[in-house]
Amino acid sequence: MPEDTPLLMIPGPIELSPAVSAAMAGRTRGHLEPAFVSCFGKALKMMREVWLAGPDAQPFVVAGSGTLAMEITAQNLIDEGDAVVVVETGYFSERMAEILRRRGAQVSMVHAEAGDAPTTDQLRTMLATQPHPVAVFATHVDTSTGVRVDAKAIAQIANEYGAMVVLDGVCAVGGEALEMQAWGVDVALTASQKAIGLPPGLALLVASKRALARRAALQRSPSLALDFAAWQPIMQAYEAGTTSYFATPATNLVVALEVGLGELLAESNSAATAMALRLREHERAASAVRKGLSCYGLAFVPRSPELMANTLTACYLPEGIGPELVAGIAKHGVVVAGGLHPAIRTRSFRIGHMGHSSRTPQHLLRCVEAVGLALKGLGKEVDQVSASRAVLSELD
Ligand code: PMP
């Protein structure tokens, strides 16, 4: 990438790998062309591997964003009056709650302050007060705070109470641990523009057998375009190597999806091993960025290291410096994001380090350096040499 091209380090969309970029730029395929059918089928099979889902889980790929994947999930799992529990971690868990309320669910929130996650005891207590909790919804990584929940523990508790488990993994799938089958997760949803490594445009989700059965038992059908029942035969047809039409797939993105998922799985023939290696890469990238930023004296929004996501870092702005820092960083060629959580919107900023950038030391270094230069430009004394050394020593 030429030095004067801005480097995109927001928590999605992200920088693309050269192979994904090339796939996006290829000729637009027809959705019934045999080569496209083969691509789509392979992508669906690989989704089951990336999610570590069982053979009976159903992947869905629909043109749209992560919010659409949230809507699809709510519409297919929830009936009017169902009791659901939402684990509150910030902006995106509140969005999930609003989608569920509009579907007619009785939503109970398990509360946490910005930068924190509810405890497992809080979740148990909430579930114990519900006569029949239908599902627990958690945001695996809340992009507004950089907080990662213990998704495995949440799934275990929800299952103890007979509730389905939904993970909003928009800022997690591909960069955080996920074992959909082993943990008993019913829907893990994401979007293409984060750790999956594509441009925006695809809503992606994998549904368990229990989630599909729940759709079949609903009193109130989902909207047609969001219905598992409309999409499942299409996904099954593509996976079987045949065609079927319901609504036109985003063909360029699906071609790129096969490439992107292939990159995630490339390191090993075992999906579990390949995903563990991707996880390790994201852990190292996160640690490198945070070690560098710590040299500038920046404090992180998540209240403890266990809560800090691998995919992004949310920092507090230092004393005396406001949101103009983000524009200052952009002047040094790196695009980062401002605050999002309403409680800390003007006091924080966020850096994404996932997908291609998580395995590109130059991106991580350039980003930390740009933050240092911007801080300096705003009058803060910073030790740039130590920060750069800290980043590189983590990536050795
Ligand atoms: N959930 C989370 C955790 C997210 O980070 C986002 C997007 N930043 C969404 C949901 C919504 O996704 P989209 O913007 O693609 O609709």
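What you see is a predicted model; the values in this text were computed from it and never measured. Atoms within a ligand are numbered from 1 in the order they appear, just like the ligands themselves.
Ile351 and Cys367 make their closest contact through CG2-SG, 3.7 Å (heavy atoms, listed as atom of the first residue, atom of the second, distance).
When Tyr245, Phe36, Phe40, Phe246 are each tested for a ring-ring contact (aromatic ring centres under 6.0 Å, His included) with His31, only one passes: Tyr245.
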Find all protein N or O atoms under 3.5 angstrom from an N or O atom of ligand 1 and list the pairs with distances, or write 'none'.
{"residue": "ligand 1", "atom": "1 (N)", "partner": "Asp168", "partner atom": "OD1", "Å": "3.3"}
{"residue": "ligand 1", "atom": "1 (N)", "partner": "Asp168", "partner atom": "OD2", "Å": "2.6"}
{"residue": "ligand 1", "atom": "5 (O)", "partner": "Thr143", "partner atom": "OG1", "Å": "2.3"}
{"residue": "ligand 1", "atom": "5 (O)", "partner": "Lys194", "partner atom": "NZ", "Å": "3.1"}
{"residue": "ligand 1", "atom": "8 (N)", "partner": "Lys194", "partner atom": "NZ", "Å": "2.7"}
{"residue": "ligand 1", "atom": "15 (O)", "partner": "Gly66", "partner atom": "N", "Å": "2.8"}
{"residue": "ligand 1", "atom": "15 (O)", "partner": "Gln193", "partner atom": "NE2", "Å": "2.8"}
{"residue": "ligand 1", "atom": "16 (O)", "partner": "Ser65", "partner atom": "OG", "Å": "2.5"}
{"residue": "ligand 1", "atom": "16 (O)", "partner": "Gly66", "partner atom": "N", "Å": "3.3"}
{"residue": "ligand 1", "atom": "16 (O)", "partner": "Thr67", "partner atom": "N", "Å": "2.8"}
{"residue": "ligand 1", "atom": "16 (O)", "partner": "Thr67", "partner atom": "OG1", "Å": "2.5"}

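Proximity of Phe300 to Met308: side-chain heavy atoms (C-beta onward) are separated by under 4.5 Å at one or more points.
The same ILVMFWY cluster, assembled from side-chain heavy atoms under 4.5 Å apart, contains both Leu205 and Ile196.
Arg214 pairs by the side chain to side chain donor-acceptor pair (under 3.5 Å) definition with Asp82, not counting sequence neighbours.
Centroid-to-centroid, the aromatic rings of His356 and His363 come within less than 6.0 Å.
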